[in-house]
Visitor: 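Following this message is one structure expressed as structure tokens.
Any value given below was found using the heavy atoms of this structure, including those in side chains, with hydrogens, waters and symmetry copies removed. Numbers restart at 1 for each chain; the letters A, B, ... are given by sequence-line order, proteins then strands. What you are looking at is a predicted structure, and each value in this text was computed from that prediction instead of being measured.
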Amino acid sequence: MPRRTDIRKLLIIGSGPIVIGQAAEFDYSGVQACKVLLEEGYEVVLVNSNPATIMTDPEFATATYVEPLTLETVTAVIAKERPDALLGTLGGQTALNLAKSLHDEGVLDRYGVELIGVTYDAIRRAEDRELFRETMLSHGLNVPKSAIVHTIAEAERVIDAIGLPLIVRPAFTLGGHGGGIAYTPAEFSERVSEGLNASPINQVLLEQSLIGWGEFELEVMRDHNDNALVVCSIENIDPMGVHTGDSVTVAPQQTLSDRAYQVLRDQALAVIRAVGVETGGSNIQFAVSPETGEVVVIEMNPRVSRSSALASKATGFPIAKIAARLAVGYALEEIPNDITRRTPASFEPTIDYTVVKIPRFAFEKFPFVDGGLTTQMKSVGEVMAIGRTFKQAFMKALRSRELDSEPRLPEDTEALLGRLDRPAHDRYEFLFEAFRRGVSTDELNRRTSINPWFLAQFAELVAARDDGLARKKDLGFSDEQAGVTRAERRAAGLEPVFRSVDTCAAEFEAETPYYYSSYERNKFGDRAAEVRRGSRPSVVILGSGPNRIGQGIEFDYCCVHAAMTVHELGRDAVMVNCNPETVSTDYDTSDRLYFEPLTVEDVLEVIEVEQPEGVIVQFGGQTPLRIAADLQQAGVKLLGTPVESIDLAENREQFGALLRRLGIGHPPYGIAHDEGEAIGVGRQLGFPLLVRPSYVLGGRAMELCYSESELVAYVERLRAAGGSELAERMYPLLIDRFLENAIELDVDALADGEDVYVAGIMQHVEEAGVHSGDSACVLPPLSLGGEMLDEISRQTRVLALELGVVGLLNVQFAVVENKRLRVIEVNPRASRTVPFVSKATGVPLAKVACRLILGERLRDQRLPDWQAGSHVSVKEAVLPFKRLQGSDAVLGPEMKSTGEVMGIAADFPTAFGKAQAAAGVELPSKGTLFITVCDTDKPAATQLAARMHDLGFRVLATRGTAAAIRAMGIPVEELNKIGEGSPHVGDYITRGDVDIVINTPAGRGARTDGWEIRRAAIERNVPCITTMTGATAAVRAIGATRSGTPSVRSLQELHRAAAPAGDEPAPAARA
Amino acid sequence: MRESAVDLQADRPVSGGTAFVLLEDGTRLHGIAVGAPVAAVGEVVFNTAMTGYQEAVTDPSYDAQIITFTYPLIGNYGVSDANMESGRIHARAVIMREGMNSRPEDAGAGWLDWLASEGVPGIGGVDTRALVRHLRERGAMLGGVFPGEMSDQEARDLIAAEPSMDGRDLAAEVTPREPIVFDEGSGPKVVALDTGIKRSIVENLRQRDCRLVLMPCGSSAQDVLDQQPDAVFLANGPGDPAALDHVVGTVRALVGKLPVFGICLGHQLLCRAVGLDTFKLRFGHRGANHPVKDLSTGKIEITAQNHGFAVLGPGGAKAIDADEPVRCETDFGAAELSHVNLYDRTVEGLVLHDVPAACVQYHPEAGPGPHDSLYLFDRFVDMVHA
Ligand SMILES: Nc1ncnc2c1ncn2[C@@H]1O[C@H](COP(=O)(O)OP(=O)(O)O)[C@@H](O)[C@H]1O
Ligand SMILES: Nc1ncnc2c1ncn2[C@@H]1O[C@H](COP(=O)(O)OP(=O)(O)O)[C@@H](O)[C@H]1O
Ligand SMILES: [Mg+2]
Ligand SMILES: [Mg+2]
């Protein structure tokens, strides 16, 4: 059957901000689907609150709504757009849950919207743990022993039947949020109540523990003819008990015989049929007993997922794209296999290489959080590597991670082994060390339950220390690990071969240029024989590697735009990246994709084969910049802003001198090369100070010191992180005078060496001191006068020209006392805010930048003159505090957010309110405010309290804050601090008697009480605001929401409204 | 750790040396010797399945062939009795990227040790992808796996002495000398002309309660009829179906008298018996992921495949473009091509209408491979009962 013609307009829901458990993979899937559906001639309406996604680029949908993914807003979009169908399987758990609520609330019925891809009943059978169990059992499939409970009391009654340890799993949450393992009765009641809280339907499943069993995933697809197939099997090296998202995984599975594998395959097909996913893909997870081979079904996700993205990248089979086609009526056999073009998609890929995925964590940023791995996902990103053998792929994946620091290895072997008893994020480093120290495979298998096959592979890698170079390269060692230089290795005749990812193990010719490198032990033929390098010049774009806090999807966004632009300008775009989640590693994005680690060695090999016109390093964040100088040294031509300028901007001393020469203000600073100097600088500058090691991104290890003793403590702490890169590279230490109560600004600009275009000036909501990545910001700026704006533009322009910027430039300013402008930082490269500005203004910054890099002039770009438009855009950061138990929900100069959302409206309070809603912060419209602030914030707090009182809120406060408020004649109730005994504020919050918390931390010391309050609020999902500026904006937003549900407008409408009248090319530069 | 690590060393030379692959067109690839330290020649083919190496090498259809495994890691889960498709290894040699000798607790032996003890040579460390690309372009061809110290001339001579696969009768080498009887069960009695039947087929028939007699493939039609069977099964097997005219003759004499069902070589024999022709594919179909469409139901099965020859459609067509069953006239009346391979649209199945007979080119018994087509055994038993 060809595509359905009874559907004309389709609604797609995205997955919202990047959070732990739901990341860029849904942008990849969404983009694929949108492209296909537009190609098929459908109108596509998209809702997604995440501006940093490619899918929210206006060209990927007919109407793009960057709006909160809430029931109300999506209902408003449906009412306005009247789509015929909703495809809810592309936006992760968020979209699936929303699709379910839209059905439950009768919205779909009311507007006649058909749910396609997966039916409502199938969603329920897959997602409701109880129904899922029943469905499995009635189809003769095994599930773990379990019980569903809705209260603690119910839970206590079944504990004996299941036995401890057991797994607590809340219904309808993603990434296992709110779940965990209970070993003891005490842990049992704690986990159960957490789980009940986390579940939107207050339901948890208590389940027999299968910890230590093998964990396998199968990616399955099915069409309306009931043809079903397995795209890929994935084996988790970390056995059951570690969330698949946190596990190191390998594709295809390695340890099961064909007989055992076919059992999984049969069951996987039985599961998708039983649940009734009729058109699309599903991820099905199994546990397999290492002793008996018994197979148990763990769960199924009736939608595209992180694993389906991985499976697509691992095999070349584009699951999301095909799922979208299936949803609109095609059968698998009617869809051609992209890669071979000649064979249909109704087949199972077979591969002749091995793929390893390793997650990347961010525990270093959350000192109070336990780095142990459990059933709840904690990683923030991942890398994938492809090699001909498992060992090659594993070694490539290890080096793709770009870790900032290596874990410290305990001297004592017993201690080392102790660290292996519980899975933790750094377990592989410990495992390798244990092998080095001669610990047996058996012993390690006992401690980790990792399948002996994998352990033997690791043992072999460790044992290869003394082997010859050829063997080491065959095993996947880098030159550095093998102890040679590139020149020595090449002199030995060793170079990798490039192979294509072709879905068919070379049985057919591959048309799609998607490659990986590998060392062949006995290479045969030309190493680039498979590379389809035409005659067009090529330009290499270096991607941004694994997502991590501080370097996320925004950079991938820029890289994708660069690829599109390079192609448009008549060259072949060549992408190098190792992140399987992203759009950049979709083979459709570039002319050639090399799935490779972003190291000098690996990139130079690609360049050797490509012989590109040049390499673009300014879009991939810090990752390409780390290797830029070495590439240049090796004779590679870098395009755009010279790398020297990028370095100059990072070099405090030289850059300070430059600013002084240009007469541009900056905070007083000093540089210290040892502790003594640090103290000296501190005394000279005066406190408070902002201190950090040089060369860090995302404000890593950056802290505020209010006194000399705090400064000394800071230095001590860094040193104690011994052995790590951080400790080694802590000097020179950069010390800045901290600008208090300053307004922070982010400016993004374009330059071609002669002209400069200031594309966006964003005013932060939180004052300077909260990392720009974590603070909300608004465009156009709210409270700056024309004169100040002109001065900002002027300074930006001067800096861009002085640094010889060709491409993008980001400048962070602070405005002190509303009049003095200070430069905090200059980044002559793509910044985190590029996608936000592009969406807010309609000017595709990264694309224009890429044109400039390739030699076009700014004046030919016809950019609109910057002006206060018809709308206000707010960006808000999304923080992982809820996911990372024990983390302190406080903002500071070290970045902690994982993602961002955007709110757009006619006025600031409404836009801010939308951004909050999009970020999952439900600002109450009535109820109770609890406020407790440090002394300096008391005057502002009383104002806020007054306003909230006027809005009808009951106001609670701790003693000091209450006194200040009462003094202004505002009714306030006084509460005990947690330290002062029950009933205290914590009790109130936990009981649900507080609807919003405003708490500003008082300097350093008084952490604990505040920490308790903030954790209580986070756990209860009560909005918790930790800055006065943030609180002020929130209160204004609360006021605004009272005037009803805000209206929705698509980006296409907004950009049309904002486009300059007439056709005259607008002057590029202003100021 | 060292003990078990050494035990599990990947493709460390068991025989201690290098080895090479030489093809009849002069192509030479290097590797390391594993398994038995001897030379072997045969038709060099490739198999794209990711699991099931033991089943593959013990499948009699690989007789006189050397298997190149496209999946790079072979030997991961050792070998066990349960995975034997016949009593011994039939492949002449194996070519691998990385052969390994892991021996999990439930395995009977390590793969490389087993190859050695069975006297079968292997070669590891080979750039198998380059080899496969070569075979894909030039077609399957003769070649061999040779110990590193053997001279090129000697190797070339060995290859030259090996007969070509075209026109080669190999069934004689794998067929039993005496009938083998499995007579427990109360179901229909099936005589299989054993051209190298796989154990999985036997198992599947027995699971459906069939009583089974595996007859030497040189048996006459009368020999078969003397068994008073309810049906005849035509097995898989090695070699060129065109060289088996004596068996084809037997089949011709049986069609119409008894229900007949064939798999793989058996499919080719039945097709020849009813008047269709066969041809040699460039590099064959060997793997576990080939989509086959049942033209009457529209259902697609992911199938296990292992054949170097295929059946020509009516009029000699190699590719069948229709999406419905293709009607044709045979020596036994009306028939239809029932299944087609969606990769290259070659014939995958035939059903006769006027007499009870059907066959498929692929392997519904899997072993190794997906189980999508097991229903065909049920259909066969139903046909016998009808
Ligand atoms: N019964 C169990 N025993 C041990 N570990 C389990 C059990 N059930 C699930 N897990 C572990 O928890 C992880 C998350 O569970 P899963 O059902 O997949 O939830 P999610 O929806 O978060 O993916 C799994 O990947 C697995 O490692
Ligand atoms: N001198 C200063 N006074 C006040 N705040 C500062 C100062 N320097 C930096 N900050 C704050 O710290 C954050 C991170 O500093 P920045 O230099 O931008 O580091 P990064 O390279 O991590 O972006 C800024 O966004 C700003 O809020
Ligand atoms: Mg899961
Ligand atoms: Mg910054």
Visitor: Is any side-chain N of the basic residue among A:Asp442 and A:Arg446 closer than 4.0 Å to the acidic one's carboxylate O?
Guide: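 So A:Asp442 does not pair with A:Arg446 through a salt bridge.
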
Visitor: For chain B, which of A:Thr354, A:Leu229, A:Val497 has the most heavy-atom pairs under 4.5 Å?
Guide: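 Result: the option with the highest number of such pairs is A:Thr354.
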
Visitor: Which atoms of B:Phe283 come close to chain A, meaning under 4.5 Å heavy atom to heavy atom: side chain ones, backbone ones, both, or neither?
Guide: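 Side chain only.
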
Visitor: Can you name the side-chain contact (heavy atoms from CB on, under 4.5 Å) partners of A:Ala270, sequence neighbours left out?
Guide: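 Only A:Leu141 meet the side-chain contact (heavy atoms from CB on, under 4.5 Å) criterion with A:Ala270.
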
Visitor: Nearest 0.5 Å, what's the CD-OG1 distance between A:Glu507 and A:Thr350?
Guide: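 Answer rounded to 0.5 Å: 8.5 Å.
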
Visitor: With side chains defined as the heavy atoms from C-beta onward, is the minimum distance between B:Thr303 and B:Ser373 less than 4.5 Å?
Guide: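 Touching, per the 4.5 Å side-chain cut-off.
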
Visitor: Taking side chain to side chain donor-acceptor pair (under 3.5 Å) as the definition, give me every residue that meets it alongside A:Lys396, ordered by chain and number, with sequence neighbours left out.
Guide: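 Partners of A:Lys396 by the side chain to side chain donor-acceptor pair (under 3.5 Å) criterion, ordered by chain and then number, come out as A:Ser517, A:Glu596.
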
Visitor: What part of A:Leu455 gets within 4.5 angstrom of chain B, counting heavy atoms only: side chain, backbone, both, or neither?
Guide: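 Neither; nothing under 4.5 Å.
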
Visitor: Is A:Lys472 salt-bridged to A:Asp467, cutoff N-O under 4.0 Å?
Guide: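 Salt bridge: no.
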
Visitor: Under a 4.5 Å heavy-atom cut-off, does chain A meet the side chain of B:Gln54, its backbone, both or neither?
Guide: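 Contact with chain A is absent: no heavy atom of B:Gln54 under 4.5 Å.
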
Visitor: With a 4.5 angstrom heavy-atom cut-off, which part of A:Asn451 approaches chain B: side chain, backbone, both or neither?
Guide: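 A:Asn451 has no heavy atom closer than 4.5 Å to chain B.
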
Visitor: At a heavy-atom separation under 4.5 Å, does A:Thr255 approach chain B through its side chain, its backbone, both, or neither?
Guide: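 Interface part for A:Thr255: backbone (N, CA, C, O).
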
Visitor: Less than 4.5 Å to any heavy atom of chain B: does that hold for the side chain of A:Glu509, its backbone, both, or neither?
Guide: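 For A:Glu509, the contact with chain B is made by backbone and side chain together.
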
Visitor: Restricting to non-hydrogen atoms, name the atom on B:Thr70 and the atom on A:Asp352 that form the minimum distance, rounded to 0.1 Å.
Guide: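 Reported closest heavy-atom pair: O-CB, 3.1 Å.
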
Visitor: Which heavy atom of A:Leu256 sits nearest a heavy atom of A:Tyr261, and at what distance?
Guide: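 That would be CB-N, 4.1 Å.
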
Visitor: At a 4.5 Å cut-off on heavy atoms, which part of A:Pro349 comes close to chain B: side chain, backbone, both, or neither?
Guide: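 The backbone, not the side chain.
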
Visitor: Under 4.5 Å from any heavy atom of chain A, what part of B:Glu105 do you find: side chain, backbone, both or neither?
Guide: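 Contact with chain A: none, neither part.
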
Visitor: When you check the side-chain N and O atoms of B:Asn47 and B:Tyr62, is any donor under 3.5 Å from an acceptor?
Guide: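 Their side chains do contain a donor-acceptor pair, which is all the 3.5 Å distance test asks for.
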
Visitor: Where does B:Ile300 contact chain A at under 4.5 Å (heavy atoms): side chain, backbone, both or neither?
Guide: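 Both backbone and side chain of B:Ile300 come within 4.5 Å of chain A.
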
Visitor: Please determine if A:Arg499 and A:Glu530 form a salt bridge, counting it only when a charged side-chain N lies under 4.0 Å from a carboxylate O.
Guide: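 Salt bridge: yes.
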
Visitor: Check whether A:Phe454 gets within reach of chain B through its side chain, its backbone, both or neither, counting any heavy atom under 4.5 Å.
Guide: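 No part of it gets close to chain B.
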
Visitor: Top residue by heavy-atom pair count (under 4.5 Å) with chain A, among B:Gly367, B:Pro370, B:Ala107?
Guide: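 Option with the greatest count: B:Pro370.
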
Visitor: Which bit of A:Tyr353 comes within less than 4.5 Å of chain B, counting heavy atoms only: side chain, backbone, both or neither?
Guide: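 Just its backbone gets close to chain B.
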
Visitor: Check each atom of A:Asp526 against the heavy atoms of chain B and say whether the ones under 4.5 Å are side chain, backbone, both or neither.
Guide: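 Neither the backbone nor the side chain of A:Asp526 comes within 4.5 Å of chain B.
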
Visitor: Could you tell me which portion of B:Ala82 (side chain, backbone, both or neither) has an atom closer than 4.5 angstrom to a non-hydrogen atom of chain A?
Guide: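 Contact with chain A: backbone and side chain both.
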
Visitor: Just checking heavy atoms, which of residues 126-133 of chain B are less than 4.5 Å from chain A?
Guide: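 Residues of residues 126-133 of chain B touching chain A at under 4.5 Å: B:Val126, B:Asp127, B:Thr128, B:Arg129, B:Ala130, B:Val132, B:Arg133.
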
Visitor: How would you list, by chain and number, every residue that makes a side-chain contact (heavy atoms from CB on, under 4.5 Å) with A:Ser289, sequence neighbours excluded?
Guide: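 Result, side-chain contact (heavy atoms from CB on, under 4.5 Å) vs A:Ser289: A:Trp213, A:Glu291, A:Thr292, A:Glu294.
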
Visitor: If every non-hydrogen atom of B:Ala288 is compared with every non-hydrogen atom of B:Ala49, which pair is closest and at what distance?
Guide: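 Distance-wise, the nearest heavy atoms are CB-CB, 3.9 Å.
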
Visitor: Looking at A:Glu348 and A:Arg265, does any basic side-chain N land under 4.0 Å from a carboxylate oxygen?
Guide: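 Looking at A:Arg265 together with A:Glu348, the answer is yes, because their closest N to O distance falls below 4.0 Å.
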
Visitor: Most heavy-atom pairs under 4.5 angstrom with chain A, which of B:Val292, B:Asn76, B:Leu73?
Guide: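 Option with the top pair count is B:Asn76.
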
